[in-house]
Student: 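After the structure tokens below, expect a handful of questions from me.
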Amino acid sequence: MDITTLVLIAAVVVLIGVSKSAFAGALGVFAVPLLMLKLPAAQAIALMLPLLIIGDMLSVRSYWRKWDNQLLLPLIPGAIVGVLIAYLIIDVINAKHLRLIIALICIVFSIKNIFFKKSSLKILSNKIGAGIMSMFSGITSSLVHAGGPPIIIYFTAIGLTPGKFVATAAIFFAMMNVIKLIAALSFGLLTGETILTALAFFPLAFVGNWLGVKINEILDKVLFLKIMNYLLLVLGFWLLLGK
């Protein structure tokens, strides 16, 4: 790998740490598109899984036992089904499809947050909604490592407090990524070189996690997420219109 690629991966590792420990993974949709600037789609997606698991470990440690178990349990079956569906259809998804899926997720999620901030999603605030959104999260997380938006939308619909929001998302994605890891190893989608590459950036994951926790404690999230949502919208259209 050249120096530009290494710097890009380092930036993504820090971004993942900040995203998971400050904003429940809301910024994670940037990660794969950024890696795809220098890496082929399949390689970018494969590398993301061990990077995400490293971020999960640190986020769970930072928010240990602060999650809501009653909220967490209904999400697990849907996530498992979503991951299984994703791996059954992974062979029919090519790079163009991946870009389109990522773009649509970015655009829809950002438009909802920018223009419909006061809109409620009460239709999702039950166990059926939990199952649907966790299944959708499992599918999008497995295919494009963008499982955050469905869960974030669901948590917003039920009015979860910020502390439980981040903590419950941290343990949910940690569990789901372990399921994805088992599936990826079963399908031979991860190589030893990919895992070693991720581990080489482990120290930077601590930096991202530390920054995320500090941001969660001191930053005005309203302004920060407003900026990020506009950037997310631009990124979505760039991916949608790009060659």
Side-chain angles (χ1 to χ4, degrees), residues 19-20 23-29 31-32 45 48-49 52-53 55-56 59-60 63 65-93 97-98 100-113 116-187 189 232:
S19 175
K20 285 185 172 293
F23 306 112
L27 313 181
V29 288
V32 171
I45 291 172
M48 272 299 296
L49 182 53
L52 287 172
I53 290 174
D56 289 331
S59 294
V60 169
Y63 294 97
R65 293 185 178 180
K66 294 180 181 179
W67 50 79
D68 187 328
N69 286 317
Q70 291 184 337
L71 177 62
L72 178 65
L73 291 176
L75 297 174
I76 297 172
I80 294 172
V81 172
V83 171
L84 291 175
I85 291 173
Y87 281 101
L88 288 174
I89 65 173
I90 195 169
D91 288 337
V92 300
I93 300 294
H97 293 149
L98 290 173
L100 177 61
I101 291 170
I102 297 169
L104 291 176
I105 290 172
C106 292
I107 292 169
V108 171
F109 184 55
S110 59
I111 286 177
K112 187 269 174 189
N113 280 340
F116 303 99
K117 289 181 290 186
K118 295 182 179 180
S119 63
S120 62
L121 296 169
K122 292 183 180 180
I123 192 173
L124 299 176
S125 56
N126 50 52
K127 290 185 178 180
I128 295 176
I132 292 172
M133 298 309 283
S134 61
M135 182 178 68
F136 184 43
S137 178
I139 293 171
T140 57
S141 180
S142 298
L143 293 178
V144 292
H145 293 303
I151 292 300
I152 290 169
I153 291 170
Y154 171 65
F155 283 178
T156 301
I158 62 177
L160 208 59
T161 59
K164 286 188 177 181
F165 197 120
V166 175
T168 308
I171 188 64
F172 170 77
F173 286 116
M175 295 172 69
M176 185 164 67
N177 284 329
V178 169
I179 296 170
K180 286 163 54 182
L181 177 63
I182 295 170
L185 291 172
S186 299
F187 283 88
L189 300 176
L232 192 61

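As a basis for the values below, the full set of heavy atoms in this structure was taken, side chains included, without hydrogen atoms, waters or symmetry mates.
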Student: I need the L104 CG to L100 CG distance, nearest 0.5 Å.
Tutor: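 If we round to the nearest 0.5 Å, L104:CG and L100:CG are 4.5 Å apart.
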Student: Kindly give the heavy-atom pair with the smallest separation between M133 and P150, and that separation in Å.
Tutor: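 Reported closest heavy-atom pair: CE-O, 3.2 Å.
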Student: Considering all heavy atoms of both residues, which atom of G55 and which atom of K20 are nearest to each other, and what is their separation?
Tutor: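 What the structure gives for the nearest pair is C-CD, 3.7 Å.
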Student: Looking at every non-hydrogen atom in both residues, tell me the closest pair between P74 and P77 and how far apart they are.
Tutor: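 So the minimum-distance heavy-atom pair works out to O-CD, 3.6 Å.
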Student: Can you see which heavy atom on I179 is nearest to which on V83, and at what distance?
Tutor: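 So the minimum-distance heavy-atom pair works out to CG2-CG1, 4.0 Å.
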Student: How long is the span from the CG atom in N177 to the CG atom in D56, to the nearest 0.5 Å?
Tutor: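 With rounding to 0.5 Å, CG (N177) is 4.5 Å from CG (D56).
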Student: Specify the closest pair of heavy atoms between I139 and A86, including all atoms of both residues, with the distance to one decimal.
Tutor: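 Here I139 and A86 meet closest at O-CB, 3.8 Å.
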Student: Side-chain atoms of residues 162-176: list all donor-acceptor pairs with protein atoms under 3.5 Å, sequence neighbours left out, distances to 0.1 Å.
Tutor:
unit_1, atom_1, unit_2, atom_2, d
T168, OG1, D68, N, 3.1
T168, OG1, K164, O, 2.7

Student: Search all heavy atoms of L75 against all heavy atoms of I151 and return the closest pair with its distance.
Tutor: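 Shortest heavy-atom contact: CD2-CD1, 4.3 Å.
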Student: Enter the distance from S134:OG to L72:CG here, rounded to the nearest 0.5 Å.
Tutor: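 Nearest 0.5 Å value for the OG-CG distance: 10.0 Å.
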Student: Should we say atom OH of Y63 is surrounded by more than 12 heavy atoms from elsewhere, each under 6.0 Å from it?
Tutor: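 It does: Y63 OH has more than 12 such atoms within range.
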Student: Rounded to the nearest 0.5 Å, how far does CD1 of I53 lie from CG of L181?
Tutor: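 Result: 4.0 Å between the selected atoms.
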